[in-house]
Amino acid sequence: EKFIIKGQGKKNNFSIKGVFEKYPIETNVAINQLDINQFKFLNKYIANNIKPLNGIITTDLLIKQKQITANMSHSSPYQWLKKYRVTGYMTIQNMYFKNQQFDTADIVGHWDGNQLDIKDLTLNKKNTLIKLTGKVMNLNEMKLRIHKDTMINIKEMETLFKPWGIYSG
């Protein structure tokens, strides 16, 4: 059965469209200008090793169930994600990642139920442009590749680099 939810706030709007039974079968989620901090639901899905993560999200995601199963009980908050494929993009404005501020972060990727394939991840700050691709296999294992046109102004990234010592350049 098709199902549509739309909502709009003072600064954001969202829509969820799709086919649902007890759980979503195929769903499109579109969010425009959503403050991460206003939705505590999202925070339980943010890995501890990248917290705090703050910012304003705009995204368009297609979520498809890999297989329809009658029993969707979950032993952890992440367990249900294994049953879905997710493709799309996300932009985060005024993003704070581990207390490091970025003007924007753009990601295009695909979740296959077990790992996140990052096609393009771009982090921007005034004089910094970080471009990455790679994979996140679980919450503790990442393989990222830094593109050659990445430009990092160390002075702008002091918060992020602080645990590794003093850098200049």
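A donor-acceptor distance shorter than 3.5 angstrom exists from the side chain of Asp103 to the backbone of Lys126, with no hydrogens or angles considered. Side-chain atoms of Gln93 do not come within 3.5 Å of backbone N or O of Ile56 as any donor-acceptor pair. Between the side chain of Thr87 and the main chain of His110, no donor-acceptor pair closer than 3.5 Å is present. Of the possible donor and acceptor atoms, one in the side chain of Glu156 sits under 3.5 Å from a partner among the backbone N and O of Asn127. In this structure a side-chain-to-backbone donor-acceptor pair under 3.5 Å is present from Thr58 to Gln33.
One hydrophobic cluster, built from ILVMFWY side chains closer than 4.5 Å, cannot hold both Val86 and Leu62; they sit in different ones. Hydrophobic cluster membership is shared by Leu116 and Leu132, with clusters built from Ile, Leu, Val, Met, Phe, Trp and Tyr side chains linked at under 4.5 angstrom. Criterion: ILVMFWY side-chain heavy atoms under 4.5 Å apart, direct or through other members. Under it, Phe97 and Met90 are part of a common hydrophobic cluster. Hydrophobic clustering (ILVMFWY, side-chain heavy atoms < 4.5 Å, transitive): Ile146 and Ile154 are in one cluster. Phe20 and Val29 end up in the same hydrophobic cluster when Ile, Leu, Val, Met, Phe, Trp and Tyr side chains are linked at under 4.5 Å.
Side-chain contact between Tyr84 and Thr27 is absent, with no heavy-atom pair separated by less than 4.5 Å. Side-chain contact between Ile57 and Ile36 is present, with heavy atoms from C-beta onward closer than 4.5 Å. Residues Asn153 and Lys125 are not in side-chain contact: their nearest non-hydrogen atoms beyond the backbone lie 4.5 Å or more apart. Side-chain contact between Leu129 and Thr122 is present, with heavy atoms from C-beta onward closer than 4.5 Å. Glu26 is listed as a side-chain neighbour of Lys64, based on a closest heavy-atom distance under 4.5 Å.
Note that CD of Glu158 and CD of Gln100 are 8.5 Å apart. Values are rounded to the nearest 0.5 Å. Here the straight-line distance linking atom CE of Met137 with atom CE of Met142 works out to 9.0 Å at 0.5 Å rounding. Note that OG1 of Thr91 is 4.0 Å distant from CG of Asp106, once rounded to the nearest 0.5 Å. Annotation: the span from Ile31 atom CD1 to Leu61 atom CG amounts to 7.0 Å, rounded to 0.5 Å.
Donor-acceptor pairing under 3.5 Å is recorded for the side chains of Thr104 and Asn124.
In this structure, Arg85 does not pair ionically with Asp112, as no charged nitrogen and carboxylate oxygen lie closer than 4.0 Å.
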Margin query: Could you walk me through whether Lys98 and Thr159 satisfy the side-chain contact (heavy atoms from CB on, under 4.5 Å) test, starting with their C-alpha distance in whole Å, then the side-chain angles of each, then the deciding distance to 0.1 Å, before giving a yes or no?
Written below: CA-CA 8 Å; Lys98 296 183 86 71; Thr159 304; over 6 Å; no
Check: What's the verdict on side chain to side chain donor-acceptor pair (under 3.5 Å) for Tyr96 and Gln101, showing C-alpha distance, side-chain angles and the deciding distance?
Finding: CA-CA 4 Å; Tyr96 283 82; Gln101 194 269 337; 5.0 Å; no
Note to self: Show, in sequence, the C-alpha distance, side-chain angles and deciding distance for Leu53 and Met95, and conclude whether the side-chain contact (heavy atoms from CB on, under 4.5 Å) test is met.
What the structure shows: CA-CA 7 Å; Leu53 178 66; Met95 182 181 86; 3.9 Å; yes
Next item on the list: In sequence, state the C-alpha distance, the side-chain angles, and the governing distance for Ile118 and Ile107, and then conclude on side-chain contact (heavy atoms from CB on, under 4.5 Å).
Entry: CA-CA 7 Å; Ile118 300 170; Ile107 184 170; 4.2 Å; yes
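Smallest separation of non-hydrogen atoms from Ile92 and Gly55: CG2-CA, 3.7 Å.
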